[in-house]
Chemist: 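Sharing a structure, written as structure tokens. Questions coming.
Chain letters run A, B, ... following the sequence lines, proteins first, then strands; residues in each count from 1. Quick caveat, the model's predicted, so the values are computed rather than measured.
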Protein chains: 2
Amino acid sequence: MLYLWYSVSLMNSLFQYLQNFYPLSKEAQKAISEISQTVLIKKNTDLQSIGHTCKTIYFLKKGVARIYYFKDGIDITESFSFENNIVVRFESLFTSQPSKKAIQVLEDSELVAINSPKLFKLYDQFPETERLFRKIFEAALVDTVNRVESIQFHTAEERYKHLMHEAPDVLKRVPLKYIASYLGITPVSLSRIRAQK
Amino acid sequence: MLYLWYSVSLMNSLFQYLQNFYPLSKEAQKAISEISQTVLIKKNTDLQSIGHTCKTIYFLKKGVARIYYFKDGIDITESFSFENNIVVRFESLFTSQPSKKAIQVLEDSELVAINSPKLFKLYDQFPETERLFRKIFEAALVDTVNRVESIQFHTAEERYKHLMHEAPDVLKRVPLKYIASYLGITPVSLSRIRAQK
DNA sequence: GTAATTTCTTATCATATGTAAAGTGTTTTA
DNA sequence: TAAAACACTTTACATATGATAAGAAATTAC
């Protein structure tokens, strides 16, 4: 079940996040507010489904989300998102192609949904919005390049230990089966790694 | 050995590439020309070295390049670049942190080197440059997300066959040892995969 | 609160990949 | 052009991971 309403405090959290990248005038904030909705969504439900073309940039205020898809019938987690971060299927957002991936929340969650086609139109009217989101997506590019490095150069065991060290909360809030596919291994292998220590 | 000079035809190739993303006025083209150099570099030499902070966006007109680094003393290839594409260590460019990776050319190559701090200053003067490079980096984000998917979903064998099918030239121009580490396997394993067929 | 379902662990076995070493063929260099 | 260096393949062996199945633990549903 998905509930839409309008929460001023949720919207304020979004602007607090955005200001970390670039300052926004009151006018630009108002314009962004007008193309955004706040969303309440129940645990274990899909925020966006497979085959859907991404036209929304989500900001996750509360909860945990993952992007996943099916490979040979097996559910694979591509990424996790936690509080105070954006959640987007970039490959669909920037190509306007249907995504093979879905977004699911793993806890009851609160989000802001920004309509991306409308946002991209604001770029002409408010250059500051273009600059701000450019910086957000540049940061996402850095994260993604680092993720490639992590997958290619480190073993699943190294990455599990790194995850445990960097983000112990993940382990408390996310089922191990999802962490396993995120690490590129089976739940059985993850159990073995965990048992070693 | 690295040779610097100024080639009008090389610069024109760059603008042809850039126009695919967004049109540029003559004034903006002139401004970009003024912060760029053309580069000739010999096979098997480093264009940028490990520990160097990336302040250059390269456009590769002729040749092949790879980004690589060392993991436990082993040379690992992160990516390849071919004709008419940009070559950048994004994680260093956007964080201003020294990169753990180097850029090496595998053939005698011709490039254009754009000074990135100066380019970023042009963004204020010529909004079209900000828009253009935003789109270039958004495309790079899409490519990188797809690469994560490729690594995480597909076996080395699948990816080798895909590479062979999509870019048979790669195999002719790049030593197999580099392709092996790019695929995340040893040269021995790659030999086995190649022998199967 | 109990039953049903889901999640996680453990064990066994088969397979794939890594390591090391040796040998062949190609390229580089002086 | 000959020697040296490098690239690639093959073999043998050790190890890690996957598949499958069974059971324990935790969570969910009624």
Chemist: In a table with atom names and distances, give each donor-acceptor pair under 3.5 Å that connects a side chain of residues 171-178 of chain A to protein atoms at least two apart or in another chain.
Modeler:
unit_1 : atom_1 : unit_2 : atom_2 : d
A:R173 : NE     : A:E107 : OE2    : 2.8
A:R173 : NH1    : A:E83  : OE1    : 3.1
A:R173 : NH2    : A:G63  : O      : 3.4
A:R173 : NH2    : A:E83  : OE1    : 3.3
A:R173 : NH2    : A:E83  : OE2    : 3.0
A:R173 : NH2    : A:E107 : OE1    : 2.9

Chemist: Measure the distance from CZ on A:R194 to P on C:dC8 and round it to the nearest whole Å.
Modeler: 8 Å

Chemist: Find which nucleotide of DNA chain D each of A:A156 and A:V188 is nearest to by heavy atoms, and output the residue with the more 5' nucleotide.
Modeler: A:A156

Chemist: Which one, C:dT10, D:dT10, D:dT9, comes nearest to the side chain of B:A195?
Modeler: D:dT10

Chemist: Salt bridge or not for B:R134 and B:E138, using N-O below 4.0 Å?
Modeler: yes

Chemist: Quickly work out the A:L106 CG to D:dT27 C1' distance and round it to whole Å.
Modeler: 15 Å

Chemist: Round to the nearest Å and state the distance from A:K172 atom NZ to C:dC8 atom P.
Modeler: 16 Å

Chemist: Roughly, in whole Å, what's the span from NZ in A:K177 to C1' in D:dA25?
Modeler: 15 Å

Chemist: What is the distance, rounded to the nearest whole Å, between atom CG of B:L171 and atom P of D:dC8?
Modeler: 11 Å

Chemist: Just how far, in rounded Å, is P of D:dT27 from CZ of A:R173?
Modeler: 16 Å

Chemist: Of B:K43 and B:S189, whose closest DNA chain C nucleotide lies nearer the 5' terminus?
Modeler: B:S189

Chemist: Kindly point out which of C:dC8, D:dA19, C:dG18 is positioned nearest to the side chain of A:T186?
Modeler: D:dA19

Chemist: Take atom CD1 of B:I185 and atom P of D:dT15, then tell me their distance rounded to the nearest Å.
Modeler: 22 Å

Chemist: For B:F133 together with B:Y22, are the ring centres under 6.0 Å from each other?
Modeler: no

Chemist: Given B:E78, which partner from the list B:R147, B:R66, B:K101 fulfils the side chain to side chain donor-acceptor pair (under 3.5 Å) test?
Modeler: B:K101

Chemist: How many Å lie between CZ on B:R192 and P on C:dT19, as a whole number?
Modeler: 11 Å

